[in-house]
Number of protein chains: 2
Amino acid sequence: MQPKIEIISPRPDPALDCAAMGKLREPLGADDCGLPLALEVMGERWSFMILRAALNGVYHFEDFLGALGIARNILSNRLANLVTHGILQREQMADDRRKVEYRLTQKGVDLLPAMLALRQWGEKYGLGVPSNPVLVDKRDCLPIGPITMRAHDDRVIAYDDLQWLDRDEVGKAGSDCCGPGPEELPGLRV
Amino acid sequence: MQPKIEIISPRPDPALDCAAMGKLREPLGADDCGLPLALEVMGERWSFMILRAALNGVYHFEDFLGALGIARNILSNRLANLVTHGILQREQMADDRRKVEYRLTQKGVDLLPAMLALRQWGEKYGLGVPSNPVLVDKRDCLPIGPITMRAHDDRVIAYDDLQWLDRDEVGKAGSDCCGPGPEELPGLRV
DNA sequence: GATTTAAGTTGCGAATCGCTACCTAAAAGA
DNA sequence: TCTTTTAGGTAGCGATTCGCAACTTAAATC
């Protein structure tokens with residue numbers, strides 16, 4: 001019943017071609033990266049769709065069922081899983097004790113940027129899918145912008161502007177960072 | 001062998017409780033949202049991990065294998081899938097015709113914000129996972145900021161500031177947008 | 001009391017996943 | 001040349017997961 005992305009222990013070659021480029025290599029599959037953790041919950045096939053439904057104001061079992069077209073047992077399983085991971089909160093209604101509400105927690109709401117980034121990517125590459133209901137800012141009724149990567153000073157930053165660095169070296173202008181050239185970006189770590 | 005998130009056709013109740021709140025309801029599961037499209041590829045269990053490895057400079061079959069700890073046939077399947085969807089590009093090396101390189105396309109690189117958002121979420125809620133190698137801006141060696149949602153004028157915007165609106169209504173200050181109060185946000189659609 | 005509704009649980013066949021072993025073509029070594 | 005190694009896969013098998021349909025339970029409603 002567990003997703004089992006399972007943090008891998010026996011890494012065959014710890015060095016790989018890392019030393020060749022003289023830069024840090026993030027240990028893939030190790031647990032010092034948040035991605036496997038996130039994927040343990042949200043990597044399940046229906047998790048993001050359930051999250052989207054919850055953000056749409058769907059709270060009840062049968063409504064999820066109708067909105068998503070998911071199988072009953074799978075929905076049951078997913079909801080329990082999301083509750084276990086603190087993304088949804090299960091609450092029995094007081095006025096009708098048959099009813100159960102699944103509400104997003106703050107942890108669940110905090111997945112919104114990830115979901116929007118995925119959705120925007122899907123729109124961009126999904127053969128003219130303009131996605132009619134637009135997400136707008138309440139204040140001025142204007143659509144929100146694309147999810148972007150930002151530098152510390154809010155500049156929009158691109159793939160080629162990025163580099164990995166050890167946490168101890170961030171402040172210091174040492175190592176091979178802050179160099180002049182674009183230096184070919186051999187292995188962008190993320 | 002196909003992922004088969006399969007856009008659902010027989011939606012039982014097209015109205016649901018939508019009309020009650022007097023606001024637009026985005027058709028969940030319909031194809032006017034980019035999320036199911038994105039999930040069709042990236043919803044597979046290993047897709048994001050493979051993407052991360054590719055961003056780390058892993059290009060070859062055996063390197064993915066060692067870095068991820070994935071099964072051979074599954075890796076083979078996933079790589080083919082990602083190539084089919086234009087996220088990776090398969091290229092036979094000229095100097096050693098045994099070797100095949102899987103390189104990210106622009107479409108693949110464009111998944112970086114989604115991946116970072118997921119990763120940052122995993123870091124935030126993953127019990128003190130500081131994630132040592134830090135992604136920094138090449139120019140000043142400072143870490144990039146968190147992935148955030150932005151209004152059209154670059155203001156960071158939160159969940160409660162958002163609302164769904166029909167595309168035809170975005171410019172006009174009509175409907176119930178731009179109203180004074182926070183009006184309780186009954187069903188945030190996303 | 002009978003029926004309906006909400007939220008599941010159970011059983012079954014089909015598809016998917018992970019593991020191990022095998023395969024093929026090209027390169028390297030003796 | 002002949003053997004071995006390397007790179008990139010397939011094939012087979014058991015375990016798990018998914019989707020579908022039927023059944024269950026408890027509470028509300030008629």
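Within every chain, numbering begins at 1; the chains are lettered A, B, ... in the order of the sequence lines, protein sequences first and strands thereafter. As a basis for the values below, the full set of heavy atoms in this structure was taken, side chains included, without hydrogen atoms, waters or symmetry mates. Keep in mind that what you see is a predicted model, and the values were worked out from it rather than measured.
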When you match A:Ala71 and A:Ala94 each to their closest nucleotide on DNA chain D, which lands nearer the 5' end?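 First, find each residue's nearest nucleotide; the 5'-ward one identifies A:Ala71.
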
Toward the 5' end of DNA chain D, which comes first, B:Arg90 or A:Gln92, by nearest nucleotide?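 Nearest-nucleotide comparison on DNA chain D picks B:Arg90.
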
Tell me whether A:Lys124 contacts the main-chain N or O of B:Lys107 through its side chain, where contact means a donor paired with an acceptor under 3.5 Å.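 Here the side-chain-to-backbone pair does not exist.
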
Tell me the interatomic distance from [X], atom [atom1], to [N], atom [atom2], rounded to whole angstroms.
| X | N | atom1 | atom2 | result |
| --- | --- | --- | --- | --- |
| B:Asn73 | C:dT20 | CG | P | 12 Å |
| B:Leu75 | D:dA7 | CG | P | 14 Å |
| A:Asp63 | C:dT5 | CG | C1' | 12 Å |
| B:Asn77 | C:dA15 | CG | C1' | 12 Å |
| A:Glu44 | C:dT16 | CD | C1' | 13 Å |
| B:Phe61 | D:dT6 | CZ | C1' | 13 Å |
| B:Leu68 | C:dG18 | CG | P | 11 Å |
| A:Arg72 | D:dC18 | CZ | P | 17 Å |

It should be established whether [X] places a side-chain nitrogen or oxygen under 4.0 Å from OP1 or OP2 of nucleotide [N].
| X | N | value |
| --- | --- | --- |
| A:Trp46 | D:dG19 | yes |
| A:His60 | C:dA7 | yes |
| B:Arg45 | C:dG18 | no |
| A:Ser76 | C:dA7 | no |

Side chain to side chain contact (heavy atoms under 4.5 Å, CB included) partner of B:Arg78, the single match among B:Val83, B:Asn73, B:Ile50: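 By the side chain to side chain contact (heavy atoms under 4.5 Å, CB included) criterion, B:Arg78 pairs with just one of B:Val83, B:Asn73, B:Ile50: B:Ile50.
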
I'd like to know whether B:Glu40 forms a salt bridge (charged side-chain N to carboxylate O under 4.0 Å, His left out) with A:Arg45, so could you lay out the CA-CA distance, the side-chain angles of the two residues, the decisive distance to 0.1 Å, and finally the verdict. CA-CA 9 Å; B:Glu40 187 181 329; A:Arg45 211 178 293 279; over 6 Å; no

With heavy atoms under 4.0 Å as the rule, sort B:Tyr102 into base, sugar-phosphate or nothing.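 Sugar-phosphate contact only.
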
Listed nucleotide nearest any side-chain atom of B:Arg98, set C:dA26, C:dC17, C:dA6: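 It is C:dA26.
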
For DNA chain C, whose closest nucleotide is more 5', that of A:Leu79 or that of B:Arg97?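 The 5'-side residue here is A:Leu79.
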
Tell me which of B:Asp96 and A:Lys99 sits closer to the 5' end of DNA chain C, going by the nucleotide each one is nearest to.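 Upstream on the strand: A:Lys99.
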
Working note: A:Arg72 + A:Glu62, criterion salt bridge (charged side-chain N to carboxylate O under 4.0 Å, His left out); need CA distance, chi angles, decisive distance, verdict. CA-CA 9 Å; A:Arg72 288 186 94 82; A:Glu62 306 285 334; 2.8 Å; yes

Grab the two heavy atoms, one from A:Arg119 and one from B:Cys33, that are nearest each other, plus how far apart they are.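 That would be NH1-SG, 2.9 Å.
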
